[in-house]
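A short write-up of the structure that comes next.
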Amino acid sequence: MRAHRSRRALEFGSREDLLRFQRARFEETVRHAVAASPLYRELYAGRDPADLPTVSKQLLTERFADWATDPRLRLEDLERHVERLGAQDVLFAGEFRVMSTGGTSGRRTIHAFDQAEWTECLVAFMRWSELFGLRPKLPRMRVATVMTVGARHMTSRFNLSTDVGAHRTLRLDAGRPASELTAALEDFKPDALLGYASAIGLLACEALDGRLDIAPRIVATTSEVRPPETTDRIRRAWGVEPHDAFGSTETLYGGDCEHHTGIHVFEDQTLVEVVDGRLVMTSLVRRSQPLIRYELGDLAQLDTAPCPCGRSFARLTAVEGRADDVLRLPGAGGATVAVHPIAIRSPLSGVPELRRYKVVNDRDGLHVSVELRSGGTEVADRVASLLQEKLAQSGAQVRPRVQIVERLADDNPTGKFRLIENRA
Ligand SMILES: [Zn+2]
């Protein structure tokens, strides 16, 4: 792909060249937004270009009609289109690929990509392949993905859109029972295994327990923060160091190289700032719905020191998910302590009996619903004690109430492992 090759020089060139390219694209992005989006025109009127305000997801969704730059992009029509999307790569108005971001917190947002924007997304996809050593070659590699299969989600849309035969691929739905997934994987014998961190973590459990016999040389996880327990389990199961494919529908893309020094952000496509510890991004590729100084909310650090791989791209380190997921829990002497959800996710990901869980923090305490893959009521007690102990290390004094459910309510359509809600 030509766009891919012309960008390679930047990726492995000097950081100065990259920043120059970025600056020019940023200015062009702002010019386009002011010309074509009434919302940005209003926001930037009389502002110093060096000091543009940040925008929130809430503002953009509330003012969708003024935000979008193409009159065909009407929110009601887009929502109807997304609702009807199955697992096929169907275009809106014959031109746009439309996806939605769910959200454990906050409302859904719709994102439309025209052909030029989508081509940029595919550049990111090719880069992931290169970062992880998935170059097309003969004999064709066998690549298995364990994610959601609906076309409304970015990760699966990539699969649909790039299924051109470079690899032999097997697409599995992360929401299916473990026995079904392991049987399919043993049949397929993947060279590479990609999927949600939670799904791959569960499969590593199956492998360690002797219920899954495969030998992937490449393992990469995506869409969720991967807890250290899961990383460790993948190493023990398959003897490989897993990669991290970072991608958001907003078009912040990146991945770690063979040195695993953090997530190289594809900075020729996205300008990233860390403001008060939180990620703010500008997409340099979105034109239909410009995202300029958009508040992503994840807690992160950016490292611009050179990496041994020679890439000019800075690395995100310590990405910890959304800052607005932070739980406020009772501490000693009536105080309130803020606890990051990783304090809950991390220990729960180490409990092999759990299939999925949901944590709700409301006024009368912390409620945990768990869906089990094995074990019985003793698991609930163990989870309660484990969480109590881990939360105490963060200064919180709570005894969570743990309830075993047959199947978690399907309000988590992506099939992901965890869901944490803060209603307190
Ligand atoms: Zn590197």
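Indexing begins at 1, ligand by ligand and atom by atom, following the structure's order. Every heavy atom of this structure was used, including side-chain atoms; hydrogens, water molecules and symmetry mates were not. This is a predicted model, so every value here is computed, not measured.
- Here the side chain of Tyr40 pairs a donor or acceptor atom with the backbone of Ile292 at under 3.5 angstrom.
- Looking only at distances, a side-chain donor or acceptor of Ser312 sits under 3.5 Å from a matching main-chain atom of Glu11.
- A salt bridge links Arg25 to Glu120: one of the charged nitrogens lies within less than 4.0 Å of a carboxylate oxygen.
- A cation-pi arrangement is absent between Arg127 and Tyr253, since the terminal nitrogen or guanidinium carbon is not both under 6.0 Å from the aromatic centre and inside a 45° cone about the axis.
- Using a cut-off of 4.0 Å between Lys/Arg side-chain N and Asp/Glu carboxylate O, Arg293 and Glu273 are scored as salt-bridged.
- Residues Trp67 and Leu291 are in side-chain contact: their nearest non-hydrogen atoms beyond the backbone lie under 4.5 Å apart.
- Around the Zn ion (ligand 1), protein N, O or S atoms at less than 2.8 Å number 4.
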